[in-house]
There are 2 protein chains.
Amino acid sequence: MREPIYIVIAEDLKKMINSGELEPGDSICSENMLSEQYNVSRMTVRKSLTLLSSEGYIYSVPGKGNYVSVPNQDKYILYFNEMKSIEGSVDETKLLDVNVIKPTMETMYNMKAFENKRLILVRRLMYIDTKPVAYDLKYIPYYRGMPVVEKEINYATFPELVAQKKSLFAIRKELKIKAQRASKDVVDNLRINDGDPIMAIEQKLLDDEDKIVGWGTTYFLSDYFQLQAISSL
Amino acid sequence: MREPIYIVIAEDLKKMINSGELEPGDSICSENMLSEQYNVSRMTVRKSLTLLSSEGYIYSVPGKGNYVSVPNQDKYILYFNEMKSIEGSVDETKLLDVNVIKPTMETMYNMKAFENKRLILVRRLMYIDTKPVAYDLKYIPYYRGMPVVEKEINYATFPELVAQKKSLFAIRKELKIKAQRASKDVVDNLRINDGDPIMAIEQKLLDDEDKIVGWGTTYFLSDYFQLQAISSL
DNA sequence: CAGTGGTCTAGACCACCAT
DNA sequence: TGGTGGTCTAGACCACTGC
């Protein structure tokens, strides 16, 4: 159960930072001093400092020293998956339709698509206890010979739909999250009342060359949906 | 402009992972093989692998090898600050009142507070162009001699209100994000119509001993509020 | 048993910073 | 110029995995 020394050093420093003994902006003992204090080699001390740095506690300035960071109070980790983020989890997904369409003004703007390009529009409904709780629209650039297999589409998340060729590592995603009144289309599909509150989550998928490879929005019934996030430094 | 060798090695491996040449679960060349291939010492190779590991690309199994991770498709970075997250930014904040109150059932549940403890309730309104766009309720455990200075409270974010003694590093935060219909209290304060859609963001602050040191909710007018998040691995 | 990753050392040279 | 962090080496010993 012996902790490696570099972990011990890192935790000692963390304690000093958490307790306020070391404040943001304060400089930390030099690496040579620490290696003398703990009677270890400088490389071991550097391993501790690298760890603290990657966790956001400190940063270093070449030629000067290591310093305590200003904690980033506004940064959170959020977990979201349009298929799993619903309270109690979706127990059925229904593929409404898959169509090859001409881009509208909205999709042309959001996907930087040209008029002559075609898009695939996938529409799905998610159910809990036979009640529709989410309505999902996804647009994917169409290319000739694209496999549009219903079974695959039915339970796939957005990245899975798009990244049939590329590695999932290469796909970046952006979310926009907002509350809004249900529009006509959403009202009809979720069978709710006009103007009911909806959580709309817009997803944009970009590949490693920053090309937009997918765009869409999922409309969640607000009673069945809640996002959670935790602070992260 | 020379890149350090350990960066070159790490980027070579990243390319192989991003292109799909190395797939999740695949094992990576052993550290000894890599150090021969690149003609560097094993410590340098390990530095590359440590970097990739901390970025979520790979993981290692002692005695076996290094492996490509399964990318975490559901993880995002979210930035949120109740004072800054509003479109166009808040240009005025009005402190409605600060009261020492007995805990209600709701606060007792959410703050694990006891009946005989007292709480401070801070109520604020945020404005854009003289229009109220957010209504903010925050509860803080009261202790004798606590400084309740109006000027400080007016523009402070939640952690700043709470962490007057502890280091900000020691404070963890949890968010719950949901869309909902405006309640009576919210309708009155934001001067909107009954049932208008609202984005409610609940914040819970915990110290390093997991004690709840703050709890509250900010109600945003949905037209003026949108969260953004980016994928993170 | 040989091979793997995990820890650690005692040096080295460099670029950078302050004085 | 001396101190700082950044990179890198060529070893070492350990615990673990698979055969």
Side-chain angles (χ1 to χ4, degrees), chain A residues 1-17 21-71 169 233, chain B residues 1-17 21-71 169 233:
Chain A
M1 176 54 231
R2 270 192 68 262
E3 289 274 336
I5 305 179
Y6 79 93
I7 297 280
V8 174
I9 300 175
E11 291 189 338
D12 281 357
L13 289 169
K14 252 190 229 183
K15 271 178 210 155
M16 286 196 270
I17 294 172
E21 189 177 338
L22 283 172
E23 286 180 21
D26 285 1
S27 79
I28 293 163
C29 294
S30 78
E31 297 174 356
N32 286 318
M33 293 202 27
L34 283 172
S35 63
E36 272 185 36
Q37 279 176 33
Y38 283 93
N39 216 337
V40 296
S41 80
R42 192 181 145 222
M43 282 304 274
T44 302
V45 169
R46 280 186 62 73
K47 195 160 182 179
S48 310
L49 298 176
T50 301
L51 183 61
L52 290 177
S53 172
S54 77
E55 289 177 350
Y57 283 89
I58 68 172
Y59 64 98
S60 58
V61 181
K64 297 191 70 179
N66 289 281
Y67 299 88
V68 178
S69 301
V70 177
F169 279 103
L233 278 198
Chain B
M1 177 57 226
R2 270 194 66 261
E3 289 276 336
I5 305 179
Y6 80 94
I7 298 279
V8 174
I9 300 176
E11 289 189 339
D12 281 358
L13 290 169
K14 254 189 224 181
K15 272 178 209 154
M16 287 197 269
I17 294 171
E21 189 177 337
L22 283 172
E23 286 180 22
D26 285 1
S27 79
I28 292 164
C29 295
S30 77
E31 296 174 356
N32 285 319
M33 293 202 28
L34 283 172
S35 62
E36 274 185 33
Q37 279 176 34
Y38 284 92
N39 217 337
V40 296
S41 81
R42 194 181 143 222
M43 281 304 274
T44 301
V45 169
R46 280 186 63 72
K47 194 159 181 179
S48 309
L49 298 176
T50 302
L51 183 60
L52 290 177
S53 172
S54 76
E55 288 177 349
Y57 284 90
I58 67 172
Y59 64 97
S60 59
V61 182
K64 296 191 70 180
N66 289 281
Y67 300 88
V68 179
S69 302
V70 177
F169 279 104
L233 279 198

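Everything numeric here is computed off the predicted structure, so don't read it as measured data. Heavy atoms only: backbone and side chains are in, while hydrogens, waters and symmetry mates are out. Just so it is clear: chains get the letters A, B, ... in the order the sequence lines come, proteins before strands, and each one is counted from 1.
- Take Thr50(A) and apply the side-chain hydrogen bond (donor to acceptor under 3.5 Å, both in side chains) test, not counting sequence neighbours, and it matches no residue.
- Interface residues of residues 4-13 of chain B facing DNA chain D, ordered by number: Pro4(B), Ile5(B), Tyr6(B); criterion, heavy-atom separation under 4.0 Å.
- The side chain of Ser30(B) contributes an N or O atom lying less than 4.0 Å from OP1 or OP2 of dT4(C).
- In the helix from dG3(C)-dC16(D) to dA18(C)-dT1(D), the end axes, each obtained as the rotation axis mapping the C1' atoms of four pairs onto the next four within a five-pair block, lie 10° apart to the nearest 10 degrees.
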Would you tabulate the nitrogen or oxygen pairs shorter than 3.5 Å linking the protein to nucleotides 14-17 of chain C?
none

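- For Glu55(B), the side-chain hydrogen bond (donor to acceptor under 3.5 Å, both in side chains) partners two or more places apart in sequence, or in a different chain, are Lys14(B).
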**Request:** Could you walk me through whether Ile9(A) and Val40(A) pass side chain to side chain contact (heavy atoms under 4.5 Å, CB included), step by step?
**Result:** CA-CA 10 Å; Ile9(A) 300 175; Val40(A) 296; 4.1 Å; yes
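- Distances shown here put a side-chain N or O of Asn66(B) below 4.0 Å from the OP1 or OP2 atom of dG5(C).
- Enclosure of atom CD in Glu36(B) is not indicated, since only 12 or fewer non-hydrogen atoms of other residues, nucleotides or ligands lie within 6.0 angstrom.
- Separating the CD atom in Glu3(A) from the CD atom in Glu11(A) is a distance of 5.5 Å, to the nearest 0.5 Å.
- Atom-to-atom, CD of Glu31(B) to C1' of dG11(D) comes out at 15 Å; the value is rounded to the nearest Å.
- Rounded to whole Å, atom P of dT4(C) lies 8 Å from atom CE of Met33(B).
- The phosphate of dG3(D) (OP1 or OP2) has no side-chain N or O of Asn32(A) nearer than 4.0 angstrom.
- The line from CG of Asp12(B) to CD1 of Ile5(B) is 11.5 Å long, rounded to the nearest 0.5 Å.
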**Request:** Would you please test Val61(A) and Tyr67(A) for side chain to side chain contact (heavy atoms under 4.5 Å, CB included) and show each step?
**Result:** CA-CA 8 Å; Val61(A) 181; Tyr67(A) 299 88; 3.8 Å; yes
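- The nearest whole Å value for the distance from the CD1 atom in Ile28(A) to the C1' atom in dT4(D) is 14 Å.
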**Request:** Step by step, work out the side chain to side chain contact (heavy atoms under 4.5 Å, CB included) result for Leu51(B) and Tyr57(B).
**Result:** CA-CA 9 Å; Leu51(B) 183 60; Tyr57(B) 284 90; over 6 Å; no
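- The distance from atom CD1 of Ile58(B) to atom P of dT4(C) is 15 Å, rounded to the nearest whole Å.
- Atom CG of Leu233(A) and atom OG of Ser54(A) lie 11.0 Å apart (nearest 0.5 Å).
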**Message:** Test side chain to side chain contact (heavy atoms under 4.5 Å, CB included) on Phe169(B) and Val68(A); report intermediate values, then the result.
**Reply:** CA-CA 10 Å; Phe169(B) 279 104; Val68(A) 178; 3.8 Å; yes
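- The separation between Tyr38(B) atom OH and dT9(D) atom P is 14 Å, rounded to whole Å.
- Side-chain N or O atoms of Ser60(A) include none that pairs as donor or acceptor with a backbone N or O of Asn66(A) at under 3.5 Å.
- Ser35(A) contributes a side-chain N or O that, together with a main-chain N or O of Glu31(A), makes up a donor-acceptor pair within less than 3.5 Å.
- For the segment residues 39-56 of chain A, the set of residues with a heavy atom within less than 4.0 Å of an atom of DNA chain C comprises Asn39(A), Val40(A), Ser41(A), Arg42(A), Met43(A), Thr44(A), Lys47(A), in numerical order.
- For the atom pair CG (Leu22(B)) and SG (Cys29(B)), the distance works out to 8.0 Å, reported to the nearest 0.5 Å.
- At dG6(D), one or more side-chain N or O atoms of Ser60(A) fall inside 4.0 Å of OP1 or OP2 (strictly under the cut-off).
- The line from OG1 of Thr44(B) to NZ of Lys47(B) is 8.0 Å long, rounded to the nearest 0.5 Å.
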